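Right, one structure below, let's go through it.
As a basis for the values below, the full set of heavy atoms in this structure was taken, side chains included, without hydrogen atoms, waters or symmetry mates. Naming: A, B, ... by sequence-line order, numbering from 1 per chain. Quick caveat, the model's predicted, so the values are computed rather than measured.
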2 protein chains.
Amino acid sequence: MTAADAAAELRGWDHCTNTAVRRAARRLGQLYGDVTAPTGLTSPQQILLSHLKLAAGWADPAATTLQHLAAAMVMDLSALGHTLKPLIRDGYVELVPDARDRRVKRARLTEKGEAKQAEGLALWRVAQARFNALFGPEEAAALRRALAVVASDEFAEAFRRGDVSS
Amino acid sequence: MTAADAAAELRGWDHCTNTAVRRAARRLGQLYGDVTAPTGLTSPQQILLSHLKLAAGWADPAATTLQHLAAAMVMDLSALGHTLKPLIRDGYVELVPDARDRRVKRARLTEKGEAKQAEGLALWRVAQARFNALFGPEEAAALRRALAVVASDEFAEAFRRGDVSS
DNA sequence: TCACGAAACCGGTATATGCCACTATTATCA
DNA sequence: TGATAATAGTGGCATATACCGGTTTCGTGA
C-alpha cells in the first residue's frame, strides 16, 4: 500500500466501491421513490413489474421462471420469492406452475399488474429524464455501463476466481 | 422520446440507473461479503463500524451523533438506529448520551468493536484490491467519483428542485 | 424400476431500510 | 415566562434481501 493509499484510507470511505454503491442506491431509492410514490409501489416492486413486462415479450419462455428471474435481477431466489409475496397478494402478479416440469413456476403480470406497471413507467420516465438531464446523458450512460459490468456474471466469476489480469 | 430511446426501453432495463445501481449493490454485497464472511459481519455492519472508526478521529465531535451519521451514510435515522441494534447487542458499539443536549446520542466503538473493525478491514483490503485489479484502478476510481456525486446532498437537492441546467 | 443426486421452490429467521407516530428535550418568541 | 415550534431519538410496521433446511419433482444409472 502506498502512502497516498494510506492517506485516502484515513480520509474516508470514498475509496470503497461497496460503500459508494450502497450509498448511491439508498439515495436513488429516495429520489426515484419520491417521483413514483403515487403508484404506491416501492422501487424494487416497480423494477420487478417492469422486468416481468419485458421478460414476457422475450422469445425464451424460460425467462419468466423464478430461477431465471432471480438470476437476471442478481437476486437470491428466496429473496425474489419474498419480494413477490406482496405483489401477488395485491393482485399484480400471479404464479403459474409449469405443466411439463412441476417444480417450475413462472411469474406473470395480471391485467391489474400491467396497468400498474404502465402507471409506474410514466412516472419513472420523469425521474429518469430528470436524472439524465442533471447528471448528463453521456455520463449517465457510462455509469450504467460500468455498473452493468460490475453486476455481470462474468465479473462475479472472475472476482471469485481471484483473477487479476481481467 | 426518440426512436432509439424507445428501442432501448423495450430492450431491457439497462437504461434505468436506479435498477443498475441496485443490481450492482446486490452483487457487490455478495462478492465483498464472501471475502469478509469470516468476521461474521454483514457488509452494512462492516461499513458502519469503519465509518465510526473514522468519524471518531475527526475534529468535529458532532460527527458521531446519530443524526450526522445517518446523513453521512445517506441513510434514514431510524434505519441507522435499527442497524445499530445488533452491533450494540453484540458489544461492538455503544451509545453515549450527550451531557449538554440530552436529546443527542453519540455512537462509539467499544474496544471489542475496534478489534472487529480492524479484523474486517484486513479482509476488506483483499476484496478491494481484487475489485480494483479486475475492474481497473482508474475505472474504479472514476466509478466511485460518479457514485459519490449521485449520493451527494447537492445532487439530491438539485434533483428535487427539478433542475435541468445542472 | 428403484435408489440417489440434482434442481426448483417454500418457509423460517435475521439483518437492512424506510415511513410514520410518539416521546423527550431544546429553542423561539410573543 | 409560558405556549409553541423544532430537533433527536425510539418503536412499530412493512418491505428488501440473504442464508439455510425441508419438500417436491426430475433425471440418471445400476
Atom pair CD1/OG1 of A/I47 and A/T42 - distance to nearest 0.5 Å: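 Here the interatomic distance stands at 8.5 Å.
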Quick one: do the A/Q45 and A/Y92 side chains pair a donor with an acceptor below 3.5 Å?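 Per modelled atom types, A/Q45 and A/Y92 side chains form no pair under 3.5 Å.
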When you check the side-chain N and O atoms of B/Q117 and B/S50, is any donor under 3.5 Å from an acceptor?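 Result is yes, a qualifying pair exists.
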Using nucleotides 1-3 of chain C, report all nitrogen or oxygen pairs with the protein that are shorter than 3.5 Å.
none

I'd like to know if the side chain of A/R130 and the backbone of B/F159 have a donor-acceptor N/O pair within less than 3.5 Å.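 Yes, because the side chain of A/R130 sits within donor-acceptor range (under 3.5 Å) of the backbone of B/F159.
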Could you check how far [atom1] of [X] sits from [atom2] of [N], rounded to whole Å?
X      : N      : atom1 : atom2 : value
A/Q67  : C/dA6  : CD    : C1'   : 12 Å
A/D98  : C/dA8  : CG    : P     : 12 Å
B/R23  : D/dT17 : CZ    : P     : 12 Å
B/L84  : C/dA14 : CG    : C1'   : 16 Å
A/L80  : C/dC9  : CG    : C1'   : 11 Å
A/M75  : D/dA18 : CE    : C1'   : 11 Å
B/I88  : D/dG9  : CD1   : P     : 12 Å
A/R106 : C/dA8  : CZ    : P     : 12 Å

Test: ring-ring contact (aromatic ring centres under 6.0 Å, His included). Region: residues 128-150 of chain B. Which pairs qualify, not counting sequence neighbours?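 Qualifying pairs: A/F155-B/F131, B/F131-B/F135.
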Pairs in or reaching into residues 81-99 of chain A: which pass salt bridge (Lys or Arg N to Asp or Glu O under 4.0 Å), with residues at least two apart or in two chains?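 For residues 81-99 of chain A: A/E94-A/R108, A/D98-A/R106.
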Within residues 42-63 of chain A or reaching into it, pairs that qualify as salt bridge (Lys or Arg N to Asp or Glu O under 4.0 Å) - sequence neighbours excluded: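 Listed by first then second residue: A/K53-A/E114.
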A/A99 vs A/S43, nearer the 5' end of DNA chain D by closest nucleotide: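 Its nucleotide being nearer the 5' end, the pick is A/S43.
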Polar-atom pairs under 3.5 Å, protein N or O versus N or O of nucleotides 10-15 of chain D: list them with distances, or write none.
| residue | atom | partner | partner atom | Å |
| --- | --- | --- | --- | --- |
| D/dT10 | OP1 | B/K105 | NZ | 2.8 |
| D/dG11 | OP2 | B/K85 | NZ | 3.4 |
| D/dG12 | O6 | B/H82 | NE2 | 2.9 |
| D/dT15 | OP1 | A/R89 | NH1 | 3.2 |
| D/dT15 | OP1 | A/R89 | NH2 | 2.7 |

Looking only at side-chain N and O atoms, does [X] come under 4.0 Å of OP1 or OP2 in [N]?
X      : N      : value
A/R26  : C/dT17 : yes
A/R103 : C/dA6  : no
B/R102 : C/dT26 : yes

CA sep, side-chain torsions, deciding dist, call: A/E119, A/K116, salt bridge (Lys or Arg N to Asp or Glu O under 4.0 Å): CA-CA 5 Å; A/E119 181 189 345; A/K116 183 55 78 174; 3.2 Å; yes
Table please: side-chain donor-acceptor pairs of residues 64-76 of chain B below 3.5 Å, with sequence neighbours left out.
| residue | atom | partner | partner atom | Å |
| --- | --- | --- | --- | --- |
| B/T64 | OG1 | B/P61 | O | 3.2 |
| B/T65 | OG1 | B/A62 | O | 3.2 |
| B/T65 | OG1 | B/H68 | N | 3.2 |
| B/D76 | OD2 | B/S78 | N | 2.9 |
| B/D76 | OD2 | B/S78 | OG | 2.5 |
| B/D76 | OD2 | B/A79 | N | 3.4 |

